[in-house]
Amino acid sequence: MGSGKLFLDDVNQMFQEAADLISMEEGLAAKIRVCNATYVTRFGVRLRGQMHTFEGWRSVHSDHLSPAKGGIRYAPDANLEEVEALAALMTYKCALMDLPFGGSKGALRIDPAAWEPDELERITRRFAQELERHDFLSPSQNVPAPDMGTNETTMIWIADAYRRLKPNDINAAACVTGKPASAGGIEGRVEATGRGVQYAIQEFFRTPEDIARTGLPASLEGRSVVVQGLGNVGYHVSKFLSQEDGCRITAVVERDGVVRNEDGLDIEALKAHLGVTGGVADFAGGQFDPAGATGLEDPCDILIPAAMEAVITGENAPRIKAPLIVEAANGPLTYAANEALAARGVVIIPDLFANAGGVTVSYFEWVKNLTHISFGLMERRRDEMGHRMLAQSIERMTGSHFPEGSAQAFFEGAREVDLVRSGLEDKMRSAYCEMSRLWNGDDRAPDLRTAAYLIAVSRIAGHYKALGI
Ligand code: GLU
């Protein structure tokens, strides 16, 4: 059986366990579980003097809300079942976060490193044409975003291809999110998934009854963290946890092995090294071991798999020592791993919540594109003036002055990136509180993943009920 099929079975099983706990009319759970439609395309592009055929997919798992939302990944082992599993996760993720989207995902079977940027651009533009022609790309129906192997440049190519096909669509920019901030994107989208993982962990450490289940000390400061994958998500979460929360990143697992440093790795330096050499070997700031997978088994407080699916399985789960696992990737634990770890009392902050920061800020970007105005533009200066007037009045009444340093931060009106962070933090904290409340107060939810699925599935079932379907 292919790994994509196993992944899809695992996601369906996790869904089914939660669905069985919710009273729903006959047949509705099956309707929610199945994937609505998957479009397969094979298209040719003439490159390097010959025709190359590429295979791609875009799957709409659910469009109980429109548009359906989810990334497009470029990977040499992409396959249909994997895309359908990821699309299903998008449905549950958007429902859990209460975003007005259905779930979708796309992939192109390609090794992006094997092609030059101008070649990737031609391939991407052709893929976008195919998607648009079959209604799998549009601001109102299906809105892609970056995922593994794609980035903001890929997204601007897709946006431009769409705009050329639909020059009359005033909302064309909203056909895709994760665009560069300078080209219709939003400040803070690149870091959003990593930022969301940070907020998820911070909120966990604000919840004493949940920390108690791990046996960890009450404070996030000083925690040791192992991260797998220093891509966009892994890099940002490592950077924020080490620079802002006082955590030590004691190991980073990458394709070529693991690099360790008990005192904490310098993430910026390691990222720069990775950029130049393509690996973590020979990094001066740590000890390298080519047996990368052993890094996941290091003793640490928090383990963050941030690379790809099925890295923790029934095989290596018994050797995992971290009491807290945060799924920054989609599906990094197989069903069997989840069972084995949960039975040992390991706390797992599940993917559909932990990595939801990306799609949450995508939502902000989509709204910005549809309103054609950046967040904070109308009120920023007025807020600043109001703060200054208030401060002057207080100073006159009290005869004292605002301290120099804090005054500036207080007076300034919010910039777009401040509002994006505030909105993201609010969404992550609210969702975590909802999950934690179920976990601690509802017998149906023995863990956070079940709690997350219960919330998501109930919300989707509620939509269907309201629609009378
Ligand atoms: N690819 C990201 C995810 O898996 C982001 C999706 C989006 O922004 O639509 O959640």
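For this chain, numbers begin at 1 and follow the sequence in order. As the structure lists them, so they are numbered: ligands from 1, and atoms in each ligand from 1.
- Residue contact check: Gly358 has heavy atoms under 4.0 Å from atoms 8 (O) of ligand 1.
- Applying the 4.0 Å criterion to heavy atoms of Val359 picks out, from ligand 1, the atoms 7 (C), 8 (O), 9 (O).
- Of the N or O atoms in Asp147, one or more lie within a sub-3.5 Å distance of an N or O in ligand 1.
- With hydrogens and angles left out, the side-chain atoms of Arg73 and Thr150 include no donor and acceptor closer than 3.5 Å.
- Contacts between Asn330 and ligand 1 below 4.0 angstrom, taking non-hydrogen atoms only, involve the side chain exclusively.
- Close approach to Gly70 involves these atoms of ligand 1, each under 4.0 Å from a residue heavy atom: 9 (O).
- For Pro144, no nitrogen or oxygen atom sits less than 3.5 Å from a nitrogen or oxygen atom of ligand 1, counting backbone and side chain alike.
- Ring geometry for Trp366 against Phe101 counts as perpendicular: the plane angle is over 60°, on a 0 to 90° scale with 30° as the lower cut.
- For the residue pair Asn142 / Ser104, a side-chain donor-acceptor distance below 3.5 Å is found, with atom types taken as modelled.
- Among all protein heavy atoms, the one lying closest to atom 9 (O) of ligand 1 is Lys69 NZ, 2.8 Å.
- If you check which protein heavy atom lies closest to atom 7 (C) of ligand 1, you get Ala145 CB, 3.2 Å.
- At a 4.0 Å heavy-atom cut-off, ligand 1 does not touch Met97 at all.
- Looking only at atom types and distance, the side chain of Asn338 has a donor-acceptor partner in the side chain of Arg449 under 3.5 Å away.
- If you check which protein heavy atom lies closest to atom 3 (C) of ligand 1, you get Lys93 NZ, 3.4 Å.
- For the residue pair Ser62/Thr91, the side-chain donor-acceptor check at 3.5 Å is not satisfied.
- The shortest contact between atom 5 (C) of ligand 1 and any protein heavy atom is with Arg189 NH2, 3.7 Å.
- Among all protein heavy atoms, the one lying closest to atom 6 (C) of ligand 1 is Gly71 N, 3.7 Å.
- In summary, of the residues considered (Trp115, Tyr74, Phe127), a ring pair (Phe, Tyr, Trp, His ring centres under 6.0 Å) with Phe54 occurs for Trp115 alone.
- In this structure, a donor-acceptor pair under 3.5 Å is present between the side chains of Asn440 and Asp210.
- Taking atom 4 (O) of ligand 1 as the reference point, the nearest protein heavy-atom neighbour is Lys105 NZ, 2.9 Å.
- Judged by distance alone, the side chains of Gln202 and Asp245 do bring a donor and an acceptor atom under 3.5 Å apart.
- Ser362 OG, 2.6 Å is the protein heavy atom nearest to atom 8 (O) of ligand 1.
- Side-chain contact, Asn355 with Asn330: a donor N or O sits under 3.5 Å from an acceptor N or O.
- Proximity of Pro146 to ligand 1, defined as any heavy-atom pair under 4.0 Å, is confined to the backbone N, CA, C and O atoms.
- Under a 4.0 angstrom heavy-atom cut-off, Met90 registers as being in contact with ligand 1.
- Aromatic rings from Tyr92 and Tyr453 are positioned such that their centres are separated by under 6.0 Å.
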